[in-house]
There are 2 protein chains.
Amino acid sequence: MTDIKSGVNLLFLREEELRQGIELLYFAYRGFTEEPDAILADYGFGRAHHRVIYFVGRRPGITVSELLATLRITKQSLSRVLGQLIDDQFITQRPGLRDRRQRLLELTAKGVDLERLLTEKQRARIAAAYREAGPEAVEGFRKVMLGLIGEADRRSFTAAGLRARERR
Amino acid sequence: MTDIKSGVNLLFLREEELRQGIELLYFAYRGFTEEPDAILADYGFGRAHHRVIYFVGRRPGITVSELLATLRITKQSLSRVLGQLIDDQFITQRPGLRDRRQRLLELTAKGVDLERLLTEKQRARIAAAYREAGPEAVEGFRKVMLGLIGEADRRSFTAAGLRARERR
DNA sequence: ATTTTATGTCAGTCATATTGACTTATATGC
DNA sequence: GCATATAAGTCAATATGACTGACATAAAAT
């Protein structure tokens with residue numbers, strides 16, 4: 001009897017634990033985007049603009065195709081957003097040195113400012129969560145998050161991925 | 001000299017650590033939604049439908065206003081999605097007992113099946129990540145994620161929040 | 001010289017969200 | 001009991017971010 005009962009309880013706890021995991025991700029992601037979203041609205045931009053600004057800031061000189069691969073959207077989708085950011089002078093393009101078909105993307109000074117403004121909110125939020133939780137918890141957080149990330153994206157977080165980026 | 005240099009390095013590491021945190025969230029969330037998204041497409045549904053199915057499954061008898069508050073969308077937005085799910089018989093409505101203005105929402109058998117199908121992928125992904133990372137890491141993960149979640153949403157994860165729900 | 005690649009563009013469509021205005025039914029407070 | 005508030009729903013217009021498909025141009029690679 002106790003065997004069956006505790007078995008059921010274990011199953012229930014497991015189910016509950018996993019569902020809480022799902023919800024943690026959902027709510028954390030939402031909490032994470034709402035502040036930048038509010039700022040972006042003042043500029044007439046949306047979340048898509050933030051993602052472009054973020055990754056161009058993160059990897060200066062990134063090509064259009066690398067950006068497309070990172071964001072996993074079509075070039076038509078990127079085009080509108082990137083075009084606006086270039087028109088409004090948050091991002092500049094220059095031709096690749098070794099391959100002149102490429103457009104290497106970089107933030108302008110104005111772009112760096114906006115990137116800071118937007119990401120600062122997110123960094124502050126993460127910093128606060130890390131501080132409260134402590135270094136051990138942070139280590140666990142990173143382990144679990146890495147496990148959640150798809151194989152394809154995981155490379156962005158390995159030494160190999162970082163080295164590949166240096167080659168431009 | 002070493003003081004300055006290590007100070008700079010610490011700043012750099014901190015910046016890098018925080019940026020990696022941002023990216024972990026971005027990629028984990030994307031990895032987390034892509035499988036259900038693919039299934040939903042077969043039903044002519046989108047991510048919004050999944051969210052509704054999920055929370056109705058999670059809190060059977062949830063009212064429309066509670067669902068709106070959970071999802072933080074307008075009733076006009078919910079209306080289309082919920083209407084489709086009711087038309088297609090994934091969700092049923094019944095009037096509230098104490099307040100007949102309310103529509104209490106529940107999954108049908110068909111709805112439960114779809115909910116399982118969709119969430120199973122996510123549960124499996126979390127289960128695998130938890131298993132690989134180990135119980136200590138899971139504890140850390142939960143601590144950090146809770147810290148990332150906005151004050152308003154955090155209540156969903158406390159005993160008080162759970163108790164409030166029982167009252168229907 | 002041909003083919004492939006990197007980028008860009010035009011056109012049409014869809015899903016998800018918004019604001020604003022208004023309706024209906026029911027509950028609640030005085 | 002009547003006025004007001006609340007729960008839910010609807011109509012209309014709009015914005016954002018994504019998609020597919022077709023086609024164009026320049027430069028690199030074979």
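Reminder, nothing fancy here: chain letters follow the sequence lines and each chain counts from 1.
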Quiz item: Do any side-chain nitrogens or oxygens of A/Thr74 fall under 4.0 Å of OP1 or OP2 in D/dC19?
Solution: yes
Residues A/Val52 and A/Leu78: closest non-hydrogen pair is CG2-CD1, 3.6 Å
From CG of A/Leu105 across to P of C/dA6 the rounded distance in Å is 14 Å
Notebook entry, point to check: Looking at A/His49, does any N or O in its side chain come under 4.0 Å of the phosphate oxygens OP1/OP2 on D/dG17?
Noted result: yes
Taken to the nearest whole Å, CD1/B/Ile86 to C1'/D/dG9 is 11 Å
### Task
State whether B/Glu16 and B/Arg19 are salt-bridged, where the test is any N-O pair (Lys NZ or Arg NE/NH1/NH2 against Asp/Glu carboxylate O) under 4.0 Å.
no
>> Does D/dT25 have OP1 or OP2 under 4.0 Å away from a side-chain N or O of A/Arg101?
In response: no
Next item on the list: Using only side-chain N and O atoms of A/Arg51, determine if any of them is under 4.0 Å from OP1 or OP2 of D/dA18.
Entry: yes
_If you compare every side-chain N and O of A/Ser79 against the phosphate oxygens of C/dG8 (OP1, OP2), does one of them come in below 4.0 Å?_
no
Ranking D/dA8, D/dA18, D/dA28 by distance to the side chain of A/Arg100, first place goes to D/dA28
Whole-Å distance, B/Arg47 CZ to D/dG17 P, equals 14 Å
From CZ of B/Arg94 across to P of D/dA8 the rounded distance in Å is 13 Å
Below the 4.0 Å mark, does C/dA15 have OP1 or OP2 next to a side-chain nitrogen or oxygen of B/Arg80? no
B/Leu104 atom CG is separated from C/dT26 atom C1', nearest whole Å, by 14 Å
Whole-Å distance, B/Gln102 CD to D/dA8 C1', equals 10 Å
The residue, A/Gly46 or A/Gln76, whose nearest nucleotide of DNA chain D is more 5′ is A/Gly46
Atom CD of A/Gln93 and atom C1' of C/dG8 are separated, to the nearest Å, by 10 Å
Rounded to whole Å, the CG-C1' distance (A/Leu68 to D/dC19) equals 14 Å
Going through the distances and angles, do B/Arg59 and B/Thr70 end up as a side-chain hydrogen bond (donor to acceptor under 3.5 Å, both in side chains)? CA-CA 11 Å; B/Arg59 319 221 265 256; B/Thr70 301; 3.0 Å; yes
Q.
Centroid separation under 6.0 Å, is that true for the rings of B/Tyr26 and A/Phe55?
A. yes
### Task
Name the orientation class of the two ring planes belonging to A/Tyr54 and A/His50 (parallel below 30°, tilted from 30 to 60°, perpendicular beyond 60°).
perpendicular
Ranking A/Asp99 and A/Ala48 by the position along DNA chain D of their nearest nucleotide, the one closer to 5' is A/Ala48
